[in-house]
Q: 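So that we are looking at the same thing, I have put the structure below in C-alpha cells.
Worth saying up front: this structure is predicted, and the values here are computed from it rather than measured. For the numbers below, each heavy atom of this structure counts, side chains included, while hydrogens, waters and symmetry mates do not.
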Amino acid sequence: MGVSASVDDHNAGLPPPITKYSDNDYELVIHCTKQLERILRVKFAANFSGLVPMANRVDKRCPLPPELMADIRYVAFARNEVLHEYKRTKVKDREKFIVRYEAAEQGLRKVRQPKW
C-alpha cells in the first residue's frame, strides 16, 4: 500500500467526487454507500455484495490503512441504522457522517491501484 505521486493516474474510470449532498438522509446514505462501492468495484475489482465485505476483501489483497477501514465501516453502520432500524429516519450525526464519508472516498482515491 502506498500513496501515489499522481493520484489521477490511479483513478481513471472512477465516478467524480460527490459535491452536493441530499437533504434527505435516506438518499444521503444510499448515494454515499453506492459511491464507495463503485470505487471499490472499479479501482480494486471488488465484485462482492455489500460495502464492508467488499472493503474486507480488498484489504486482504491490498492492505488499506486502518483509519480508512474505520471510515468505511462507519459509513456502512450509519447506512444500516437508517435503513434497517424502524424508528430511525435520520443519520445520528449528519456532519460527522459526511466527514467520515469524505475521508473514506478520498482515502480510496489515494491508495495505489494494485497490479494484479
Side-chain angles (χ1 to χ4, degrees):
M1 181 230 40
V3 176
S4 170
S6 174
V7 173
D8 291 335
D9 295 344
H10 301 283
N11 292 314
L14 295 184
I18 296 173
T19 57
K20 182 170 179 358
Y21 298 99
S22 173
D23 291 332
N24 179 300
D25 282 3
Y26 284 106
E27 289 179 14
L28 173 71
V29 298
I30 291 168
H31 191 71
C32 290
T33 301
K34 288 174 84 171
Q35 180 85 340
L36 295 178
E37 289 175 347
R38 179 73 181 148
I39 293 169
L40 288 165
R41 278 192 186 95
V42 171
K43 187 169 183 175
F44 300 98
N47 294 317
F48 298 92
S49 180
L51 180 58
V52 172
M54 291 171 78
N56 286 339
R57 184 63 174 225
V58 168
D59 189 43
K60 286 181 182 179
R61 296 184 311 185
C62 171
L64 300 173
E67 58 276 3
L68 174 55
M69 288 298 294
D71 289 331
I72 291 170
R73 286 188 183 101
Y74 182 90
V75 169
F77 181 77
R79 175 205 169 268
N80 288 345
E81 280 186 326
V82 171
L83 294 182
H84 299 298
E85 289 185 17
Y86 181 71
K87 292 188 177 189
R88 179 158 321 276
T89 59
K90 300 209 172 279
V91 175
K92 282 182 185 176
D93 184 339
R94 183 181 173 87
E95 186 175 318
K96 182 177 180 180
F97 175 85
I98 291 172
V99 166
R100 299 288 297 265
Y101 161 73
E102 287 177 348
E105 181 182 11
Q106 291 167 9
L108 287 173
R109 289 179 187 276
K110 288 179 184 175
V111 172
R112 285 188 188 267
Q113 189 169 11
K115 294 180 175 140
W116 38 59

Q: Would Met69 and Leu108 show up in the same hydrophobic cluster when neighbours are defined by side-chain heavy atoms closer than 4.5 Å?
A: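 They do share one cluster, since a chain of ILVMFWY contacts under 4.5 Å joins Met69 to Leu108.
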Q: So do Glu102 and Ile18 actually touch side chain to side chain, heavy atoms under 4.5 Å?
A: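 The answer is no, as the side chains (C-beta and beyond) never meet within the 4.5 Å cut-off.
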Q: Main chain of Arg38, side chain of Lys43: is a donor-acceptor contact present, judged purely on distance under 3.5 Å?
A: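 Absent.
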Q: Test side-chain contact (heavy atoms from CB on, under 4.5 Å) on Val99 and Asp71 and set out the steps.
A: CA-CA 9 Å; Val99 166; Asp71 289 331; over 6 Å; no
Q: Is there a path of hydrophobic side-chain contacts, each under 4.5 Å between heavy atoms of I, L, V, M, F, W or Y residues, that connects Leu83 with Val91?
A: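 Same cluster: Leu83 reaches Val91 through Ile, Leu, Val, Met, Phe, Trp or Tyr contacts under 4.5 Å.
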Q: Looking at CG of Leu51 and CZ of Arg73, how far apart are the two atoms once the value is rounded to the nearest 0.5 Å?
A: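 Rounded to the nearest 0.5 Å, the CG-CZ separation comes to 10.0 Å.
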Q: Identify whether Ile30 and Ile39 are in the same connected component of the hydrophobic contact network (ILVMFWY, side-chain heavy atoms under 4.5 Å).
A: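 Yes, one cluster joins them.
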Q: Side chains of Gln106 and Tyr101: do they bring a donor and an acceptor to under 3.5 Å?
A: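 No pair is found: no donor N or O on one side chain lies under 3.5 Å from an acceptor on the other.
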Q: Please identify each residue that fulfils side chain to side chain donor-acceptor pair (under 3.5 Å) with Asn80, with sequence neighbours left out.
A: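 Once residues adjacent in sequence are excluded, Asn80 has no partner under the side chain to side chain donor-acceptor pair (under 3.5 Å) criterion.
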Q: For Arg57, is the CZ atom crowded, meaning more than 12 foreign heavy atoms sit under 6.0 Å from it?
A: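 No, not enclosed.
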Q: Within a 6.0 Å radius of atom CZ on Phe77, are there more than 12 heavy atoms belonging to other residues, nucleotides or ligands?
A: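 No.
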Q: Ignoring hydrogens and geometry, is there a side-chain-to-backbone donor-acceptor pair from Asp93 to Lys96 under 3.5 Å?
A: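 Confirmed, Asp93 side chain pairs with Lys96 backbone.
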Q: For atom CD of Glu95, decide whether the heavy atoms of other residues, nucleotides or ligands shown that lie under 6.0 angstrom number more than 12.
A: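 Open: at most 12 neighbouring heavy atoms sit under 6.0 Å from CD of Glu95.
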Q: What do the steps show when you test Phe44 against Val111 for side-chain contact (heavy atoms from CB on, under 4.5 Å), and what is the final call?
A: CA-CA 10 Å; Phe44 300 98; Val111 172; 4.0 Å; yes
Q: Is a side-chain donor or acceptor of Gln35 paired with a backbone partner of Pro16 at a separation under 3.5 angstrom?
A: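 It does hold such a pair.
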Q: Excluding sequence neighbours, so at least two apart, what forms salt bridge (charged side-chain N to carboxylate O under 4.0 Å, His left out) with Glu105?
A: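 Only Arg109 meet the salt bridge (charged side-chain N to carboxylate O under 4.0 Å, His left out) criterion with Glu105.
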Q: When you compare the side chain of Tyr26 with that of Thr89, does any pair of heavy atoms fall below 4.5 Å?
A: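 Heavy-atom side-chain distance check passes, below 4.5 Å.
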Q: Does Lys92 have any salt bridge (charged side-chain N to carboxylate O under 4.0 Å, His left out) partners at least two apart in sequence or in another chain, and if so, which?
A: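 Result, salt bridge (charged side-chain N to carboxylate O under 4.0 Å, His left out) vs Lys92: Glu81.
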Q: Hey, could you give me the CD/CD1 distance between Glu67 and Ile72, rounded to the nearest 0.5 Å?
A: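 The distance works out to 11.0 Å.
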Q: Testing Arg79, Lys90, Arg94 for side-chain contact (heavy atoms from CB on, under 4.5 Å) with Val29, which one passes?
A: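 The passing option is Arg79.
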Q: Is a donor on one side and an acceptor on the other found under 3.5 Å between the side chain of Glu27 and the backbone of Ser22?
A: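 No, because the side chain of Glu27 does not come within donor-acceptor range (under 3.5 Å) of the backbone of Ser22.
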Q: Rounded at 0.5 Å granularity, tell me how far CG in Leu28 sits from CG in Asn24.
A: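 One finds 8.5 Å between CG of Leu28 and CG of Asn24.
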Q: Find out if a path of hydrophobic residues (ILVMFWY) with successive side-chain heavy-atom gaps under 4.5 Å connects Val58 to Val52.
A: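 The answer is no; the residues belong to distinct hydrophobic clusters.
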